[in-house]
Student: 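Got a structure for you, written out below as structure tokens; questions coming shortly.
In what follows, residues are counted from 1 in the order of the sequence shown.
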Amino acid sequence: MSSTAGQVIRCRAAVAWEAGKALVIEEVDVAPPQAMEVRLKILYTSVCRSDIYFWEAKGQNPLFPRIFGHEAAGIVESVGDGVTDLKPGDHVIPVPSGECKECIHCKSKESNICDLLRVNLGRGVMISDGQSRFSINGKPIYHFVGTSTYSEYTVVHVGCAAKINPSAPLDKVCILGCGISSGLGAVLNVAKPPKGSSVAVFGLGAVGLAAAEGARISGASRIIGVDVNPKKFNHAKNFGVSEFVNPKDHDKPVQEVIAEMTGGGVDRSIECTGDVDAMISAFECVHDGWGVAVLVGVPHKDAVFKTHPMNLLHQRTLKGTLFGNYKPRTDLPAIVEKYMNKELELEKFITHEVPFAEINKAYEFMLNGDSLRCIIHMDG
């Protein structure tokens, strides 16, 4: 692969030309990495709900044409000046929320929100020079969250690529770059339910089921799944969810239903939908005195969270998390090892697989609520 170092690479990419319109497989030029950047050959990628949300241009200023994708795995093709942590041939997981290892957040044990490389949903260019590394006939194509993995080659900041065990199967660990780690870490790193706890999970998509998996690993005695789509309930049983609540089946707020089910409320709740009403319900359904609610879902930009201050004064705790509080370059390798050691099962999250040429099918699966994660094989 090093024979292409320093050269422009022409390859296939799935380009979103307009909001909500089918992605188009195009030949794009990918420029060499600049200082503190690496160029990756993407082997596998997947579709996350965030890709859909911003492709639809909901709650944002549209930025097109753009190459989406942020859950993936690949191999370093070449590196730019100043890169010492990675070399060609290294196996990596690109991440939208990076880790520079130098800022106050990266040096803190309590934060993973890097000052330099925190997620920027509106930026479509590289931070070093404000330029895109993608182009078609000399015209720039915008990046997405610094990763743009719906391309056979992509360029990312070195702080947005986590080096992993080269023996790990990339078609499995590629899903650890966003949603699965976010849900898992929300429980293991933030909620931290004691063994025997009751846990409610709002939203039973891939992120919510990863949270349920975290609750199961933690030894929760009761895992209650909350979703308006009853089709999700059977599959959720594979992740330790044993009780289900559909808010549409009740004529009272779901937090009251859960409080009645549990004798006052659950010990921990995890909200994974981004719906502000679900966030409020997740907070108000935890037990007074010790209950902890963790918000994972990303809300609409105009959403407002409202609850009575007495809910806080009665010793309920509300927390938020990004990427499960994992520092990506530091912590992702260990999560991969959990999978390698059979402490974490990823296969049950993978419901579909398609060749790159059929990437729009992966979008359809997600839009129809049929998939958790669809693996896209970039060589197909």
Student: Side chain to side chain contact (heavy atoms under 4.5 Å, CB included) for S128 and M36? Distances and angles first, verdict last.
Tutor: CA-CA 8 Å; S128 62; M36 302 307 292; over 6 Å; no
Student: Could you state the interatomic distance from CD1 (I25) to CZ (R12), rounded to the nearest 0.5 Å?
Tutor: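 So the gap between those two atoms works out to 6.5 Å.
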Student: Is a donor on one side and an acceptor on the other found under 3.5 Å between the side chain of H308 and the backbone of M310?
Tutor: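 Side chain of H308 to backbone of M310, a donor-acceptor pair under 3.5 Å: yes, one is there.
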Student: Do the side chain of N325 and the main chain of V190 share a donor and acceptor less than 3.5 angstrom apart?
Tutor: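 No, because the side chain of N325 does not come within donor-acceptor range (under 3.5 Å) of the backbone of V190.
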Student: Ignoring hydrogens, what is the shortest heavy-atom contact between A168 and V336? Give both atom names and the distance.
Tutor: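 Residues A168 and V336, closest heavy atoms: CB-CG1, 3.6 Å.
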Student: Cation-pi between K172 and Y339: NZ/CZ under 6.0 Å from ring centre and within 45° of the ring axis?
Tutor: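 K172 over Y339 ring: no.
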Student: Could you tell me if the side chain of V266 sits less than 4.5 Å from the side chain of V199, heavy atoms only?
Tutor: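 Side chain of V199 against side chain of V266, heavy atoms only: no contact under 4.5 Å found.
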Student: Please test K361 against E358 for salt bridge (Lys or Arg N to Asp or Glu O under 4.0 Å), starting from the C-alpha separation and ending with a verdict.
Tutor: CA-CA 6 Å; K361 283 187 178 180; E358 298 178 9; 3.3 Å; yes
Student: Is it the case that the side chains of T273 and E271 hold a donor-acceptor pair, with the cut-off being a distance below 3.5 Å and no angle test?
Tutor: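 Yes, because at least one side-chain N or O of E271 sits under 3.5 Å from a partner of the opposite role on T273.
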Student: Please step through side chain to side chain contact (heavy atoms under 4.5 Å, CB included) for the pair V15 and L23, ending with a clear verdict.
Tutor: CA-CA 5 Å; V15 178; L23 305 181; over 6 Å; no
Student: Can you see whether S46 engages E71 through a side-chain donor-acceptor pair at a distance of less than 3.5 angstrom?
Tutor: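 Indeed, the side chains of S46 and E71 share at least one donor-acceptor pair under 3.5 Å.
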Student: Tell me if a side-chain donor or acceptor on Q7 pairs with a main-chain N or O of S3 at a distance below 3.5 Å.
Tutor: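 Yes: the side chain of Q7 pairs with the backbone of S3.
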Student: I want to check something: taking the side chain as every heavy atom from C-beta on, are P194 and R268 in contact at a cut-off of under 4.5 Å?
Tutor: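 Yes, close enough: below the 4.5 Å cut-off.
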Student: Are L209 and F233 connected into the same hydrophobic cluster when the rule is that any two of I, L, V, M, F, W, Y join if their side-chain heavy atoms are below 4.5 Å apart?
Tutor: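 In one cluster: yes.
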Student: Is a side-chain donor or acceptor of R66 paired with a backbone partner of Y142 at a separation under 3.5 angstrom?
Tutor: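 Here the side-chain-to-backbone pair does not exist.
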Student: Taking only Lys NZ, Arg NE, NH1 and NH2, and the carboxylate oxygens of Asp or Glu, determine whether E27 and R10 approach each other closer than 4.0 Å.
Tutor: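 Here E27 does not pair with R10 in a salt bridge, since their nearest N and O are not under 4.0 Å apart.
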Student: Look at the side chain of T154 and the backbone N and O of S151, then say whether any donor-acceptor pair between them is shorter than 3.5 Å.
Tutor: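 No; judged by distance alone, with no hydrogens or angles, the pair does not exist.
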Student: Counting only heavy atoms not in N341, do more than 12 sit closer than 6.0 Å to its CG atom?
Tutor: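 Enclosed: over 12 neighbouring heavy atoms sit under 6.0 Å from CG of N341.
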Student: Working to the nearest 0.5 angstrom, can you tell me the gap between I258 CD1 and C285 SG?
Tutor: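 Those atoms lie 4.0 Å apart.
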Student: Check whether any side-chain heavy atom of V296 lies under 4.5 Å from a side-chain heavy atom of V207, and answer yes or no.
Tutor: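 Of all side-chain heavy-atom pairs linking V207 with V296, at least one is under 4.5 Å.
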Student: With a 4.0 Å cut-off on N to O distance, would you call D85 and R329 a salt bridge?
Tutor: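 The answer is yes: the pair qualifies as a salt bridge.
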Student: Using a 3.5 Å distance criterion without hydrogens, assess whether the side chain of H377 forms a donor-acceptor pair with backbone atoms of D379.
Tutor: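 Not confirmed, H377 side chain does not pair with D379 backbone.
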Student: Among the clusters formed by ILVMFWY side chains lying less than 4.5 Å apart, do F305 and F202 turn up in the same one?
Tutor: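 Looking at the clustering, F202 is in a separate group from F305.
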Student: How far apart are the C-alpha atoms of S132 and M126, what are their side-chain angles, what is the distance that settles it, and do they pass the side chain to side chain contact (heavy atoms under 4.5 Å, CB included) test?
Tutor: CA-CA 6 Å; S132 174; M126 300 301 290; over 6 Å; no
Student: Can you tell me how far the CG atom of L184 sits from the CG atom of L344, to the nearest 0.5 Å?
Tutor: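 Rounded to the nearest 0.5 Å, the CG-CG separation comes out at 6.0 Å.
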Student: Can you measure from CD1 (I180) to CG (L176) and round to the nearest 0.5 angstrom?
Tutor: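 Atom-to-atom, I180:CD1 and L176:CG are 7.5 Å apart.
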Student: Closest heavy-atom contact between A236 and F244?
Tutor: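 For A236 versus F244, the nearest heavy atoms are CB-CE2, 3.7 Å.
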Student: Between H143 (side chain) and R133 (backbone), is there a donor-acceptor pair under 3.5 Å?
Tutor: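 Side chain of H143 to backbone of R133: a pair is present.
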Student: Could you grab the distance from atom CD of E99 to atom CG of N112, nearest 0.5 Å is fine?
Tutor: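 Reported value, rounded in 0.5 Å steps: 8.5 Å.
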Student: Nearest 0.5 angstrom please: S182 OG to I270 CD1, how far?
Tutor: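 The OG atom of S182 sits 12.0 Å away from the CD1 atom of I270.
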Student: Salt bridge check: are E213 and R216 linked by an N-O gap of less than 4.0 Å?
Tutor: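 Salt bridge present between E213 and R216.
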Student: Any donor and acceptor pair, going by atom type alone, linking the side chain of D90 with main-chain N or O of L86 inside 3.5 Å?
Tutor: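 Such a contact is absent between D90 side chain and L86 backbone.
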Student: If hydrophobic clusters are built by linking Ile, Leu, Val, Met, Phe, Trp and Tyr wherever their side-chain heavy atoms come under 4.5 Å apart, do I164 and F323 end up in the same one?
Tutor: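 They do share one cluster, since a chain of ILVMFWY contacts under 4.5 Å joins I164 to F323.
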Student: Considering only heavy atoms from C-beta outward, does the side chain of H287 approach that of R316 to under 4.5 Å?
Tutor: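 Counting from C-beta outward, H287 and R316 never come under 4.5 Å.
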Student: Do H70 and T147 have a side chain donor and acceptor closer than 3.5 Å?
Tutor: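 There is no such pair (donor and acceptor under 3.5 Å, judged by atom type) between the side chains of H70 and T147.
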Student: Please evaluate residues Q255 and S281 with respect to the criterion side-chain hydrogen bond (donor to acceptor under 3.5 Å, both in side chains), reporting the C-alpha separation (whole Å), side-chain torsions for both, the decisive distance (0.1 Å), and the verdict.
Tutor: CA-CA 5 Å; Q255 53 266 46; S281 296; 2.8 Å; yes
Student: Any sub-3.5 Å donor-acceptor pair from D51's side-chain atoms to C48's backbone N or O?
Tutor: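 Judged by distance alone, yes, a pair lies under 3.5 Å.
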Student: Please evaluate residues F144 and F68 with respect to the criterion ring pair (Phe, Tyr, Trp, His ring centres under 6.0 Å), reporting the C-alpha separation (whole Å), side-chain torsions for both, the decisive distance (0.1 Å), and the verdict.
Tutor: CA-CA 5 Å; F144 177 63; F68 287 97; 4.8 Å; yes
Student: Does W55 reach the main-chain N or O of K21 with its side chain, forming a donor-acceptor pair under 3.5 Å?
Tutor: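 Flag set: sc W55 to bb K21 pair under 3.5 Å.
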Student: Provide the closest heavy-atom pair for S97 versus P328 in the form atom of the first, atom of the second, distance.
Tutor: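 Answer, listing the atom of S97 first, then P328: O-CG, 2.9 Å.
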Student: Is there side-chain contact between C11 and V30, with heavy atoms separated by less than 4.5 Å?
Tutor: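 C11 reaches V30 side chain to side chain.
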Student: Between E337 and N165, do the side chains contain an N or O donor and an N or O acceptor separated by less than 3.5 Å?
Tutor: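 E337 vs N165: donor-acceptor pair found between side chains.
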Student: Quick check on the hydrophobic clustering: are I42 and Y153 connected, directly or via other members, by side-chain heavy-atom contacts under 4.5 Å?
Tutor: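 Yes.
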Student: Taking C-beta and beyond as the side chain, do L372 and I350 meet within less than 4.5 Å on heavy atoms?
Tutor: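 Not in contact.
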Student: Test of understanding: clusters of I, L, V, M, F, W, Y form through side-chain heavy atoms closer than 4.5 Å, transitively. Do L121 and V156 belong to the same one?
Tutor: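 Same hydrophobic cluster.
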Student: Below 4.5 Å, heavy atoms only, C-beta onward: do C174 and T45 meet side chain to side chain?
Tutor: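 Contact flag for C174/T45 side chains = no.
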Student: Locate the shortest heavy-atom distance separating S221 from G196; write the atom from each residue and the value.
Tutor: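 Here S221 and G196 meet closest at OG-O, 2.7 Å.
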Student: Could you walk me through whether I9 and E77 pass side chain to side chain contact (heavy atoms under 4.5 Å, CB included), step by step?
Tutor: CA-CA 11 Å; I9 292 178; E77 174 270 336; 3.9 Å; yes
Student: Are C374 and V354 close enough that some pair of their side-chain heavy atoms sits under 4.5 Å apart?
Tutor: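 Sidechains of V354 and C374: in contact.
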